[in-house]
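Structure first, commentary second.
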2 protein chains.
Amino acid sequence: MKETNMALSGAKAKILKALAHQTRIYMVEELAKDEKCVCEFVEAIGSDFSTISKHLSVLKNAGIVQVDKRGQKVFYSLKATCMTNFLDCIENIIKSNLEEQSSMFK
Amino acid sequence: MKETNMALSGAKAKILKALAHQTRIYMVEELAKDEKCVCEFVEAIGSDFSTISKHLSVLKNAGIVQVDKRGQKVFYSLKATCMTNFLDCIENIIKSNLEEQSSMFK
DNA sequence: TGGTTATTTGGTTATATTACCAAATAACAT
DNA sequence: ATGTTATTTGGTAATATAACCAAATAACCA
């Protein structure tokens with residue numbers, strides 16, 4: 001069933017797009033260590049509060065992170081922990097790409 | 001070193017963006033089974049030849065696939081095989097999201 | 001050489017994403 | 001109630017992506 005496979009690829013693309021941004025990848029990697037509130041990301045990343053909040057909501061809507069409101073603060077934590085392995089895979093691609101590029105100068 | 005981490009996240013984002021499209025995910029999954037020429041994808045996906053070719057070149061530039069020209073045909077094959085595990089991770093997220101949604105009706 | 005097939009590249013237009021500002025909401029403290 | 005802090009939401013402008021068409025390349029065949 002070709003069309004079914006395509007539809008599944010589309011569903012996967014939605015989740016991948018949610019991750020495919022410098023800021024959101026950084027967030028996922030930080031959240032892999034420990035939960036964080038929005039304000040901590042604002043401080044660490046230095047973008048507008050609204051920008052950070054929107055990035056987190058993209059991750060939340062994709063089902064990658066989850067939310068816990070405590071007092072005035074909103075804490076985000078990593079829900080899809082397999083993401084970590086995946087980012088290692090990406091890191092290997094980067095290394096392999098760099099090796100190829102540097103081998104051009106030998 | 002916060003800025004170094006951010007730069008690394010940016011490099012990862014480039015590769016993720018290369019994968020984050022319905023058609024390109026489908027391509028990677030097909031290539032995980034076997035190499036394919038551009039024309040086979042054109043037939044299977046049904047988009048314009050130029051569209052398919054551009055998608056494959058995005059994957060190639062990211063270092064996810066590799067190229068082998070033989071005769072008139074250009075064959076693409078999967079280079080970053082760890083992609084497959086990753087797409088399984090995404091599939092688990094989809095399942096978990098669906099379970100949560102359906103539990104709302106119980 | 002000229003024709004055919006396979007693929008890539010350039011151009012254009014439509015659509016999607018992102019960032020910031022301003023305003024709204026929510027919880028807590030005074 | 002009022003003020004303060006933390007966060008989300010709506011609007012807008014800039015930028016990035018995607019799809020198609022047409023034209024350019026490249027390899028092979030007659």
Side-chain angles (χ1 to χ4, degrees), chain A residues 3 6-7 9-28 30-31 34-77 79, chain B residues 3 6-7 9-28 30-31 34-77 79:
Chain A
E3 293 188 9
M6 267 307 230
S9 300
K12 290 177 186 173
K14 277 194 181 178
I15 292 174
L16 262 174
K17 277 173 206 245
L19 186 62
H21 188 285
Q22 179 179 31
T23 301
R24 295 194 291 267
I25 290 173
Y26 175 82
M27 286 170 158
V28 165
E30 288 299 305
L31 293 178
D34 199 9
E35 66 164 20
K36 282 199 169 48
C37 69
V38 187
C39 54
E40 285 176 285
F41 280 123
V42 172
E43 175 139 349
I45 294 167
S47 300
D48 194 86
F49 223 116
S50 65
T51 303
I52 301 294
S53 173
K54 275 175 186 170
H55 278 305
L56 286 165
S57 109
V58 169
L59 291 173
K60 188 187 65 183
N61 290 332
I64 297 171
V65 303
Q66 57 202 351
V67 164
D68 184 26
K69 300 189 186 192
R70 297 203 297 273
Q72 297 158 275
K73 294 190 179 174
V74 178
F75 289 88
Y76 283 85
S77 60
K79 189 178 171 192
Chain B
E3 294 189 8
M6 265 307 226
S9 300
K12 290 176 185 174
K14 276 194 183 179
I15 293 174
L16 262 174
K17 277 173 206 240
L19 186 61
H21 187 286
Q22 178 178 32
T23 302
R24 294 194 291 266
I25 290 173
Y26 175 82
M27 285 170 158
V28 165
E30 288 300 303
L31 292 179
D34 199 8
E35 66 163 20
K36 281 201 171 45
C37 68
V38 186
C39 54
E40 285 175 285
F41 280 123
V42 172
E43 176 140 347
I45 294 166
S47 300
D48 194 84
F49 223 116
S50 66
T51 303
I52 301 294
S53 173
K54 274 175 186 170
H55 278 307
L56 286 165
S57 110
V58 168
L59 291 172
K60 188 188 64 182
N61 291 331
I64 297 171
V65 303
Q66 57 202 353
V67 165
D68 183 26
K69 300 189 185 190
R70 296 202 297 273
Q72 297 157 274
K73 294 190 176 172
V74 178
F75 289 89
Y76 283 84
S77 60
K79 190 178 171 193

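Just so it is clear: chains get the letters A, B, ... in the order the sequence lines come, proteins before strands, and each one is counted from 1.
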Whole-Å distance separating the [atom1] atom of [X] from the [atom2] atom of [N]:
X: B:Lys73; N: C:dT8; atom1: NZ; atom2: P; answer: 13 Å
X: A:Ile45; N: D:dT7; atom1: CD1; atom2: C1'; answer: 15 Å
X: B:Glu43; N: C:dA6; atom1: CD; atom2: P; answer: 11 Å
X: A:Phe41; N: D:dT8; atom1: CZ; atom2: C1'; answer: 17 Å

Query raised in the report: Does a side-chain N-to-carboxylate-O contact under 4.0 Å join A:Asp68 and A:Arg70?
Result: yes

Query raised in the report: What nucleic acid atoms does A:Tyr76 come within less than 4.0 Å of, heavy atoms only: base, sugar-phosphate, or nothing?
Result: sugar-phosphate

Query raised in the report: Near B:Lys79 NZ, under 6.0 Å, is it more than 12 heavy atoms from other residues, nucleotides or ligands?
Result: yes

Report task. Could you let me know what D:dG11 is paired to, Watson-Crick or G-U wobble, both distances under 3.5 Å, or none if it's on its own? Result -> C:dC20

Requested in this report: Assess whether side chain to side chain contact (heavy atoms under 4.5 Å, CB included) is satisfied between B:Ile52 and B:Ser47, documenting all intermediate values.
Outcome: CA-CA 7 Å; B:Ile52 301 294; B:Ser47 300; 3.9 Å; yes

Query raised in the report: Would you say the side chain of B:Ser47 and the base of D:dC20 hold a donor-acceptor pair, judged only by whether the two atoms sit under 3.5 Å apart?
Result: no

Could you check whether any side-chain N or O of [X] sits under 3.5 Å from a backbone N or O of [Y], counting only pairs where one atom can act as donor and the other as acceptor?
X: A:Arg24; Y: A:Ala18; result: yes
X: A:Gln22; Y: B:Ala11; result: no
X: A:Glu40; Y: A:Cys37; result: yes

Requested in this report: Please work out which residues in residues 51-61 of chain B have a non-hydrogen atom less than 4.0 Å from an atom of DNA chain D and list them by number.
Outcome: B:Thr51, B:Lys54, B:His55

Query raised in the report: Using a cut-off of 4.0 Å between protein heavy atoms and nucleotide atoms, how would you tag nucleotides 24-30 of chain D 5' to 3' with B, S and -?
Result: ---BS--

Query raised in the report: Hey, which of B:Thr51, B:Asn61, B:Val38 is the one that makes side chain to side chain contact (heavy atoms under 4.5 Å, CB included) with B:Leu56?
Result: B:Val38

Report task. Given side chain to side chain contact (heavy atoms under 4.5 Å, CB included), test A:His21 with B:Leu16 step by step and report yes or no. Result -> CA-CA 8 Å; A:His21 188 285; B:Leu16 262 174; over 6 Å; no

Which nucleotide in the list [options] gets nearest to the side chain of [X]?
X: A:His21; options: D:dA22, C:dT18, D:dT7; result: C:dT18
X: B:Phe49; options: C:dT8, D:dA6, C:dA19; result: C:dT8
X: A:Thr23; options: D:dT17, C:dA19, D:dT7; result: C:dA19

Query - Sub-4.5 Å side-chain heavy-atom contact between B:Val58 and B:Lys17 - result: no

**Report entry** Given DNA chain C, 5'-ward residue of the pair B:Asp48 and B:Lys17, judged by closest heavy atom
**Finding:** B:Asp48

